[in-house]
Q: 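Before I ask anything, let me first share the structure, which is written out below as structure tokens.
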Amino acid sequence: MIMKQVEERYISLLTDFGFKRIFGTAMNKDLLICFLNSLFNGKQVVKDVSYLNPEHVGDVYTDRRAIFDVYCEGENGEKFIVEMQNAYQTYFKDRALFYSTFPIREQAPKGNEWDFKLNHVYTVALLNFSMNEDAFDKEKIRHHVQLCDTATHKVFYDKLEYIYVEISKFNKPLEELDTLYEKWLYALKNLYKLTQRPKELCDKVFDRLFEEAEIAKFTPQEMREYETSKMAYRDIKNSVDTAKREGIAEGMNQKALDIARKMLADGVDINLIMKYSGLTQEQIEKLK
């Protein structure tokens, strides 16, 4: 494997642009299907998906909004929310739960006749940080959360699932990748570092990945969008790393505000600013 020192050949899947290009477009749905099936490992088989509108509002316009990275529906009506999260947020669990209410509420038909039967809702959160959740096994990367009885630990409701994947903890080298799932985790974390395709990623599905991820094929507009997304990613990651070194929570808050101001000045969409800075819409509006 050769590592690029000057310019990237492939996009970073950790950026908003890169993640949505690979997993959030209909022409690349085979990549999303492959990744989800590798994640579920037979527990749930995804044969096809239809992309849905990723932007959601409540029953009235003034209600809170939710904007998903990827939102799609399986052939049996099951809903999939797939998110890439690069920075820790204090109420991240609350945010994930809030987001999952939208595909639940959308299933209620208009009118009076309804028996309340719901289709399955999956929330898949890919985390580029350690969640440090007491309920999780610290030795594992993938965490599966459902509603359970606290005494028997048996699943009480099997149609609502949260899957957290701490990709920041995944450090296997290429030569030790055993499964398709591990290959996807490696690609998610390291694709932008590669200058050529390694033999370990020669599965057929990765033909499409490397083809779609090659920066040289971008249009000028795509290049501008990617550079903006990459800048946002680098800013927030640098701020998080600095705050960790300093060990000052207040410093992280101030850095998040500084990043938001800079992104506003650059004309970045407010939803992207919220995603990378961890600030609320109200906090960002006050900066204008």
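FYI, side chains are in, hydrogens and waters are out, and symmetry mates aren't considered; it's all heavy atoms of this structure. Sequential numbering from 1 along the given sequence is applied to the chain's residues. Everything numeric in this text was worked out from a predicted model, so none of it was measured.
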Q: Which pair of heavy atoms, one from Arg9 and one from Thr195, lies closest together, and at what distance?
A: NH1-O, 2.8 Å

Q: Taking only residues two or more places apart in sequence, or in another chain, which ones meet Thr219 in a side-chain contact (heavy atoms from CB on, under 4.5 Å)?
A: Gln221, Glu222

Q: Between Glu227 and Arg224, does any side-chain N to carboxylate O distance fall below 4.0 Å?
A: no

Q: Classify the side-chain pair His143/Glu166 by whether it contains a donor and acceptor separated by less than 3.5 Å.
A: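 Short answer, yes.
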
Q: Mind checking what makes ring-ring contact (aromatic ring centres under 6.0 Å, His included) contact with Tyr226, not counting sequence neighbours?
A: Phe17

Q: Quick one: list whatever passes side-chain contact (heavy atoms from CB on, under 4.5 Å) with Asp134, sequence neighbours left out.
A: Lys138

Q: Using the ring-ring contact (aromatic ring centres under 6.0 Å, His included) criterion, which residues pair with Phe23? Sequence neighbours excluded.
A: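 Partners of Phe23 by the ring-ring contact (aromatic ring centres under 6.0 Å, His included) criterion, ordered by chain and then number, come out as Phe19, Phe35, Trp184.
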
Q: Where do Leu13 and Gly18 come nearest, in terms of heavy atoms and distance?
A: CD2-O, 3.8 Å

Q: What distance do Leu118 atom CG and Ile104 atom CD1 have between them, rounded to the nearest 0.5 Å?
A: 6.5 Å

Q: Using the ring-ring contact (aromatic ring centres under 6.0 Å, His included) criterion, which residues pair with His144? Sequence neighbours excluded.
A: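 Once residues adjacent in sequence are excluded, His144 has no partner under the ring-ring contact (aromatic ring centres under 6.0 Å, His included) criterion.
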
Q: Not counting sequence neighbours, list each pair that qualifies as a salt bridge (Lys or Arg N to Asp or Glu O under 4.0 Å) and has a residue in residues 26-41.
A: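 Every pair satisfying salt bridge (Lys or Arg N to Asp or Glu O under 4.0 Å) with a residue in residues 26-41: Lys29-Asp48, Asp30-Arg208.
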
Q: Please determine whether a side-chain nitrogen of the Lys or Arg among Arg21 and Asp16 lies less than 4.0 Å from a carboxylate oxygen of the Asp or Glu.
A: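 Looking at Arg21 and Asp16, the cut-off is not met.
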
Q: Mind listing the closest non-hydrogen atom pair of Lys93 and Met131 along with its distance?
A: CG-CE, 3.5 Å

Q: Among all residues two or more places apart in sequence or in another chain, which pass the side chain to side chain donor-acceptor pair (under 3.5 Å) test with Tyr181?
A: none

Q: Does Tyr162 have any ring-ring contact (aromatic ring centres under 6.0 Å, His included) partners at least two apart in sequence or in another chain, and if so, which?
A: none

Q: With sequence neighbours excluded, tell me which residues meet side-chain contact (heavy atoms from CB on, under 4.5 Å) with Thr150.
A: none

Q: Can you list every pair that meets salt bridge (Lys or Arg N to Asp or Glu O under 4.0 Å) and has a residue in residues 152-163, with sequence neighbours left out?
A: Lys43-Glu161

Q: Does the Lys NZ or Arg CZ of Arg95 fall within the cation-pi geometry relative to Phe98 - under 6.0 Å from the ring centre and within 45° of the axis?
A: no

Q: Mind jotting down which residue pairs meet the salt bridge (Lys or Arg N to Asp or Glu O under 4.0 Å) criterion with at least one end in residues 141-151? Sequence neighbours excluded, please.
A: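 Every pair satisfying salt bridge (Lys or Arg N to Asp or Glu O under 4.0 Å) with a residue in residues 141-151: there are none.
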
Q: For Tyr51, is the OH atom crowded, meaning more than 12 foreign heavy atoms sit under 6.0 Å from it?
A: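 Counting other residues, nucleotides and ligands, OH of Tyr51 exceeds 12 neighbours.
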
Q: Could you tell me whether the side chains of Lys47 and Asn76 share a donor-acceptor contact shorter than 3.5 Å?
A: no

Q: Where is the tightest heavy-atom contact between Leu209 and Leu31, given as atom of each residue plus distance?
A: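 Heavy atoms of Leu209 and Leu31 come nearest at N-CD2, 3.9 Å.
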
Q: Less than 4.5 Å apart, any side-chain heavy atom of Phe68 and any of Tyr99?
A: yes

Q: What residue pairs, at least two apart or across chains, pass salt bridge (Lys or Arg N to Asp or Glu O under 4.0 Å) with a residue in residues 170-184?
A: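 For residues 170-184, and leaving out neighbouring residues, the salt bridge (Lys or Arg N to Asp or Glu O under 4.0 Å) pairs sorted by first residue read Lys172-Asp178, Lys172-Glu182, Lys183-Asp203.
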
